[in-house]
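All remarks here apply to the structure that follows.
In what follows, every chain begins at residue 1, and chains take the letters A, B, ... in the order their sequences are listed.
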2 protein chains.
Amino acid sequence: MRQKKYILPESEIPTAWYNIQAIMPNKPLPILNPKSRAVLKPEDLYPIFCEECAKQELDQTNEWIPIPEAVREQYAAYRSTPLVRAYELEEALGTPAHIYFKNEGISPSGSHKLNSAIAQAYYAKQQGITNITTETGAGQWGGSLSYAAKKFGIECAVYMVKTSFNQKPYRRSIMQTFGAAITPSPSMSTRAGKDILTVNPNDPGSLGCAISEAVELALTTPNCKYAVGSVMNHVCLHQTVIGLEAEKQMAMAGEYPDIVIACFGGGSNFCGTAFPFMRHTILEGKKTRFIAAEPTSCPKLTRGKFEYDYGDEAGLTPLLPMFTLGHNFKPASIHAGGLRYHGAGVILSQLMKDGYMEAQDFPQTETFKAGILFARTEGIIPAPESCHAIACAINEAKKCKESGEAKTILFNLSGHGFVDMGSYDKYLSGEMFDYKLTDEELQQYIASADALNK
Amino acid sequence: MRQKKYILPESEIPTAWYNIQAIMPNKPLPILNPKSRAVLKPEDLYPIFCEECAKQELDQTNEWIPIPEAVREQYAAYRSTPLVRAYELEEALGTPAHIYFKNEGISPSGSHKLNSAIAQAYYAKQQGITNITTETGAGQWGGSLSYAAKKFGIECAVYMVKTSFNQKPYRRSIMQTFGAAITPSPSMSTRAGKDILTVNPNDPGSLGCAISEAVELALTTPNCKYAVGSVMNHVCLHQTVIGLEAEKQMAMAGEYPDIVIACFGGGSNFCGTAFPFMRHTILEGKKTRFIAAEPTSCPKLTRGKFEYDYGDEAGLTPLLPMFTLGHNFKPASIHAGGLRYHGAGVILSQLMKDGYMEAQDFPQTETFKAGILFARTEGIIPAPESCHAIACAINEAKKCKESGEAKTILFNLSGHGFVDMGSYDKYLSGEMFDYKLTDEELQQYIASADALNK
């Protein structure tokens with residue numbers, strides 16, 4: 001019988017995360033204080049983040065960061081996640097390509113987000129923090145932090161984008177089941193929220209606004225820190241456990257990927273999957289293509305601009321050098337809520353600029369079509385975000401069919417879609433639409449970032 | 001680092017199912033033709049079931065039934081399922097007991113039901129069947145058969161109990177995503193459905209009625225067979241893959257269970273988990289307690305009667321010798337839809353009668369309380385059905401705390417609850433109620449079975 005899955009024994013769960021900053025030919029530009037424009041030092045981030053996370057954020061020296069034993073112990077509840085050979089998807093496509101996927105959907109919260117949530121909750125607990133707060137869009141990150149906080153005995157408060165709060169009651173319930181307090185954002189609990197609701201009482205909310213609210217809560221609450229689900233360097237660092245495991249598992253299968261694919265929101269899933277492989281490209285010149293799959297309606301890598309911008313809507317975060325659509329970008333209401341963010345991580349933005357990776361964009365109906373084919377062949381209903389990676393993998397596998405090349409394709413299945421069935425319903429009933437940003441809209445949004453770079 | 005999970009290599013996925021009928025001290029009473037009262041032979045079941053399933057149903061001779069290689073290949077997409085040591089639940093309870101659970105929730109359909117769906121779809125395909133039909137209550141079985149049928153290229157039609165169809169749109173969407181056609185039951189597509197709707201156009205449906213509709217469709221459609229998700233012997237047989245794996249995995253952990261627990265609807269999950277261990281009790285006198293955890297509102301084992309009864313409401317099935325509440329039993333609207341069935345499997349009913357197993361009942365609020373503790377400690381949100389097994393395991397673990405005994409407890413986590421968050425919502429908001437059957441109601445329902453045994 002052909003081998004379908006590759007699973008590592010718990011003893012082989014990685015003992016260190018991989019910090020690609022240490023080997024980058026061109027280091028990322030510095031993160032800046034938005035007022036003084038001074039280069040940020042770790043201690044400047046201490047009011048918002050845990051100290052250990054702040055240090056990791058700016059560490060450009062240490063190639064390997066040890067994973068604390070208590071974090072590995074929590075990882076063991078679901079790691080290693082399986083590396084699966086998608087034989088039946090290959091057969092359905094008639095491609096000579098070998099398609100592998102890493103299934104992060106089996107985590108307690110249903111996605112890869114937990115890999116960093118556990119680390120951040122652990123560091124908070126170590127530092128004596130009692131309360132932690134964050135924002136969530138689709139709910140994947142909020143669910144992960146809710147669970148991780150509970151495991152380390154910390155109280156968790158989540159600002160959930162109001163449209164998601166209403167549209168995704170199951171996500172809210174998951175967070176509550178894990179014991180977190182959930183507030184729809186914008187809310188009257190913060191200055192940032194009040195300012196928005198004063199102008200528009202029916203504001204549907206955005207990730208940028210929810211971030212502003214959570215950061216404000218952390219800054220104004222004793223013994224409370226903010227935890228972040230993507231974009232930031234330390235989050236991408238924690239996610240490298242995905243790629244490090246995948247590297248070992250691909251070796252078990254006797255293969256090395258020609259193409260590595262992940263969907264792209266802020267970067268945590270992409271970076272976590274790609275960086276461990278990309279180190280062999282940087283250090284040894286291995287020829288691997290790295291593709292970020294993003295929504296056509298939120299094309300920060302394919303159509304955005306590399307410049308300094310805020311990470312949030314209200315401008316409370318430091319200035320980040322990154323590909324951005326502008327911090328006042330209003331994303332279309334696509335179902336892949338986790339990809340509706342205006343910016344890209346600092347490290348990968350530099351790597352993108354330097355040609356180590358590429359990006360492709362996909363309209364949402366194409367991604368759901370791909371997701372349904374995947375469900376019917378490989379048996380897993382993917383999260384709408386993950387459908388982007390699948391659509392990209394299918395595209396590349398079809399190219400292999402045309403060229404006759406048996407390339408090895410690896411993609412990360414970042415999460416399952418059991419809580420997103422309402423979106424599948426829309427697709428199956430023909431009520432799903434595609435959105436494309438006009439050049440005019442794009443210029444208008446990017447102007448909000450341009451204004452910070454004069 | 002302590003070992004958390006035990007996973008078998010794919011080569012050790014069992015190659016045969018375990019047929020406990022072959023070693024039972026008292027064989028089950030025969031299944032009867034409802035009209036003639038003649039003892040049923042396999043060929044009498046051919047109009048409804050695939051031939052191979054009909055043969056397995058009545059096989060009292062062969063202890064091991066080989067698992068076809070094509071079925072094992074489909075199993076490999078998710079099997080072995082992990083055996084997990086619930087260290088953190090143990091710590092939360094302060095119990096000296098060792099608690100293990102088998103996690104069937106990681107299957108593509110989210111529950112153990114897929115183990116039999118794959119087998120039944122395979123045998124149908126082998127026999128040249130083109131269409132398969134079934135009923136579903138909570139949707140776990142329907143989702144499993146939808147997926148399995150797609151894998152073997154068969155069309156699948158599911159009758160879904162109307163209340164579930166309306167209350168659980170996500171379950172419906174999962175089935176549609178896997179490519180099945182779904183009809184709310186009662187429907188106008190069958191005589192059985194029409195008869196009910198003619199009397200009461202707003203009838204909310206029941207599992208018994210949905211079975212009647214699916215069986216009628218199979219009997220009246222060329223090249224179409226009926227597949228069944230629980231109760232029947234061949235279904236329990238297919239589920240023994242759970243216990244057979246668990247036995248190997250417990251051995252990896254250096255343990256053997258003192259207590260084996262599973263929730264109880266019709267028996268497939270309980271039998272699949274317990275029978276492989278129970279064979280050592282029957283053959284070697286091993287002392288293990290086997291506990292079926294059922295809802296207080298649907299107490300077929302704790303308060304039902306052992307006698308012949310129909311498997312469905314309309315009386316289309318053969319007469320089964322089993323513990324029953326009467327085939328016209330109307331279950332309360334508890335959230336564990338998969339446990340709302342009036343009867344128990346024939347084999348386990350005999351084993352229950354012969355003292356090899358016991359049953360305990362749990363009110364639904366207690367089960368959700370247990371499920372939430374489990375989610376917050378072990379990270380998995382359990383299906384409402386599985387919450388019954390957890391409540392039972394917690395009870396037994398608490399007894400160990402009192403007595404100071406370090407017993408080894410194994411339970412089957414039959415499925416995850418990601419699609420049941422609406423039920424958790426009800427619990428968390430204090431809007432969940434308990435139901436208890438009065439003696440008067442019980443007698444009234446059982447009278448419908450008594451009438452068949454005069």
Side-chain angles (χ1 to χ4, degrees), chain A residues 1-5 7 9-11 13 69 72-80 82 84 87-88 103 105-110 114 143 146-148 150-151 169-174 176-179 371-372 375-381 416-425 427-429, chain B residues 1-5 7 9-11 13 69 72-80 82 84 87-88 103 105-110 114 143 146-148 150-151 169-174 176-179 371-372 375-381 416-425 427-429:
Chain A
M1 200 170 77
R2 63 193 185 185
Q3 187 158 359
K4 179 75 180 161
K5 306 180 301 294
I7 295 172
E10 287 175 16
S11 57
I13 294 173
E69 202 56 17
R72 283 187 79 225
E73 201 166 273
Q74 292 302 326
Y75 279 175
Y78 61 104
R79 309 208 69 87
S80 72
V84 187
Y87 288 113
E88 296 175 72
N103 183 3
I106 68 157
S107 95
S109 65
L114 191 55
S146 302
Y147 170 67
K150 179 57 69 181
K151 294 317 289 278
Y170 278 26
R171 291 273 181 215
R172 170 177 54 70
S173 303
I174 288 172
Q176 289 168 332
T177 298
F178 286 141
I372 285 174
R376 291 179 183 180
T377 50
E378 296 298 323
I380 300 165
I381 297 180
H416 68 66
F418 281 124
V419 197
D420 303 286
M421 294 315 301
S423 303
Y424 280 89
D425 245 10
Y427 177 80
L428 290 168
S429 59
Chain B
M1 199 170 76
R2 62 192 185 184
Q3 188 158 359
K4 179 75 180 160
K5 307 180 300 295
I7 295 172
E10 286 175 16
S11 56
I13 295 172
E69 202 56 17
R72 284 186 78 225
E73 201 167 272
Q74 291 303 325
Y75 280 175
Y78 62 104
R79 307 207 71 86
S80 74
V84 187
Y87 287 113
E88 296 175 72
N103 184 4
I106 69 157
S107 96
S109 65
L114 191 55
S146 302
Y147 171 66
K150 178 57 69 183
K151 295 316 290 279
Y170 278 25
R171 291 270 183 217
R172 172 179 51 72
S173 304
I174 288 172
Q176 288 168 331
T177 297
F178 286 142
I372 285 174
R376 291 180 184 179
T377 50
E378 296 299 322
I380 300 165
I381 298 179
H416 68 67
F418 281 124
V419 196
D420 303 286
M421 295 315 302
S423 303
Y424 279 89
D425 244 10
Y427 177 81
L428 289 168
S429 59

Closest heavy-atom pair and its distance - B/P108, A/G379 = CB-O, 2.8 Å
How close do A/M1 and B/A76 get, heavy atom to heavy atom, and via which atoms?
->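 Here A/M1 and B/A76 meet closest at CE-CB, 4.0 Å.
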So for [X], is it side chain, backbone, both, or neither that comes closer than 4.5 Å to the heavy atoms of chain B?
| X | answer |
| --- | --- |
| A/V419 | both |
| A/E378 | backbone |
| A/Y87 | neither |

Taking the side chain as C-beta and beyond, is there a heavy-atom pair between A/Q176 and B/M421 under 4.5 Å?
->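 Side chain of A/Q176 against side chain of B/M421, heavy atoms only: no contact under 4.5 Å found.
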Do B/E73 and A/R2 come within less than 4.5 Å of each other through their side chains, counting heavy atoms only?
->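 Touching, per the 4.5 Å side-chain cut-off.
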With a 4.5 Å cut-off on heavy-atom pairs, point out which of [options] contacts chain B the most.
| options | result |
| --- | --- |
| A/I13, A/I372, A/I7, A/I381 | A/I381 |
| A/Q3, A/E88, A/R72 | A/E88 |
| A/G105, A/A375, A/G417 | A/A375 |

Is B/E10 reaching over with its side chain to a backbone N or O of A/K5, donor-acceptor style, under 3.5 angstrom?
-> yes
Chain A contact via B/Y427 - side chain, backbone, both or neither, heavy atoms under 4.5 Å =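 The answer is neither part of B/Y427.
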Distance from [X] atom [atom1] to [Y] atom [atom2], nearest 0.5 Å?
| X | Y | atom1 | atom2 | result |
| --- | --- | --- | --- | --- |
| A/Y170 | B/D425 | OH | CG | 8.5 Å |
| A/T377 | B/K150 | OG1 | NZ | 10.5 Å |
| B/S109 | A/I380 | OG | CD1 | 12.0 Å |

ring-ring contact (aromatic ring centres under 6.0 Å, His included) involving B/F178 - partner list, sequence neighbours excluded | B/Y147
For the residue pair A/F418 and B/H416, does the interplanar ring angle fall in the parallel (under 30°), tilted (30 to 60°) or perpendicular (over 60°) class?
->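 Tilted.
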